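What you are looking at is a predicted structure, and each value in this text was computed from that prediction instead of being measured.
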Amino acid sequence: MINYNGRTFVSAENTANGEVSSQTVFEYKQTNHIISATYHGGNIVQGMLIGLIMEDGCLQFRYNHINRRNEIRGGECVSTPEILPDGRVRLHEQWKWLDAENTEGSSIIEEVEF
């Protein structure tokens, strides 16, 4: 099982209806099977997510953020982890906005070391 505590991720890919970009930095924390993260950068002023690590290793969470247009956006996501050859973690994400837009998308975020 992957421990996400203290890991940092950036966006590698996103569908056009997403707001996260390669300038968005995610800082994860983990306590037992509960994950949380703060994120910011690019079009995101400030964001937070909270969720669970499921028995199959996938992450299931809700996210909310404020974008540069001062809009509050939020949704839900399921992320499937992949361990890269160099030991870093890549998350394959399937997400859905839970606001007026109500669209779905997919993204990939990858672990980086600072």
Side-chain angles (χ1 to χ4, degrees):
M1 198 60 76
I2 299 167
N3 185 335
Y4 291 89
N5 197 52
R7 294 184 188 254
T8 302
F9 295 84
V10 297
S11 179
E13 293 180 24
N14 202 357
T15 48
N17 59 332
E19 295 191 337
V20 168
S21 71
S22 61
Q23 297 173 328
T24 309
V25 177
F26 295 80
E27 296 170 337
Y28 273 69
K29 295 190 181 333
Q30 179 181 339
T31 303
N32 299 317
H33 67 287
I34 298 171
I35 55 154
S36 62
T38 58
Y39 59 100
H40 65 279
N43 289 325
I44 309 299
V45 175
Q46 184 173 344
M48 297 179 183
L49 66 83
I50 190 162
L52 299 169
I53 301 172
M54 308 309 287
E55 286 187 23
D56 64 1
C58 290
L59 310 180
Q60 183 174 354
F61 59 85
R62 298 280 174 99
Y63 59 90
N64 285 283
H65 64 248
I66 297 173
N67 63 25
R68 298 234 176 262
R69 294 183 304 277
N70 285 321
E71 298 170 323
I72 300 171
R73 302 290 314 271
E76 62 186 2
C77 182
V78 174
S79 296
T80 303
E82 172 189 1
I83 305 295
L84 298 173
D86 62 8
R88 294 180 302 124
V89 177
R90 175 184 289 156
L91 294 173
H92 298 267
E93 303 182 317
Q94 297 295 317
W95 49 264
K96 179 179 181 179
W97 291 113
L98 295 178
D99 55 19
E101 188 173 314
N102 199 36
T103 61
E104 298 181 15
S106 60
S107 54
I108 295 174
I109 64 172
E110 291 185 357
E111 184 177 8
V112 294
E113 296 179 8
F114 287 99

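- M54 and I34 fall within the same hydrophobic cluster, defined by Ile, Leu, Val, Met, Phe, Trp and Tyr side-chain heavy atoms under 4.5 Å apart, directly or through other members.
- In this structure, CD1 on I53 lies 7.5 Å from CG on N3, to the nearest 0.5 angstrom.
- V89 and I35 end up in the same hydrophobic cluster when Ile, Leu, Val, Met, Phe, Trp and Tyr side chains are linked at under 4.5 Å.
- The minimum heavy-atom distance linking C77 with S79 is given by the pair SG-OG, 3.6 Å.
- One finds the NE2 atom of H33 at 11.0 Å from the CD atom of Q60 (value rounded to the nearest 0.5 Å).
- A donor-acceptor pair under 3.5 Å is absent between the side-chain atoms of E55 and the main chain of G57, judged by distance alone.
- Exactly one of I44, N14, V10 qualifies for a side chain to side chain contact (heavy atoms under 4.5 Å, CB included) with T24. That residue is I44.
- A pairwise comparison of heavy atoms in C58 and T80 identifies SG-OG1, 3.6 Å as the closest pair.
- Partners of D56 by salt bridge (charged side-chain N to carboxylate O under 4.0 Å, His left out), not counting sequence neighbours: none found.
- By the 6.0 Å contact criterion, CD1 on I72 is open, its count of non-hydrogen atoms from other residues, nucleotides or ligands being 12 or less.
- For W95, the ring-ring contact (aromatic ring centres under 6.0 Å, His included) test picks out W97, with sequence neighbours left out.
- Heavy atoms only, all atoms of each residue included: S21 and S11 are closest at O-CB, 3.1 Å.
- Clustering ILVMFWY residues whenever any of their side-chain heavy atoms sit less than 4.5 angstrom apart, transitively, puts I109 in the very cluster that holds I83.
- Note that OG of S107 and NE2 of H92 are 10.5 Å apart. Values are rounded to the nearest 0.5 Å.
- Screening T38, L59, T8 for a side chain to side chain contact (heavy atoms under 4.5 Å, CB included) with Y28, the sole residue that qualifies is L59.
- With hydrophobic clusters built from ILVMFWY side chains whose heavy atoms lie under 4.5 angstrom apart, M1 shares a cluster with Y4.
- Screening residues 39-54 for side chain to side chain donor-acceptor pair (under 3.5 Å), with sequence neighbours left out, gives Y39-H65.
- We find that E101 and R73 are joined by a salt bridge, their nearest charged nitrogen and carboxylate oxygen being less than 4.0 Å apart.
- Within the 4.5 Å cutoff, the side chain of D99 has no heavy atoms near those of the E71 side chain.
- Considering all non-hydrogen atoms of both residues, G87 and E111 come closest at O-OE1, 4.4 Å.
- Rounding to the nearest 0.5 Å places CG of N32 at 8.0 Å from CD of Q30.
- I2 and F61 fall within the same hydrophobic cluster, where Ile, Leu, Val, Met, Phe, Trp and Tyr residues are linked whenever their side-chain heavy atoms come under 4.5 Å apart, directly or through other members.
- With values rounded to the nearest 0.5 angstrom, E76 atom CD is found 8.5 Å from E104 atom CD.
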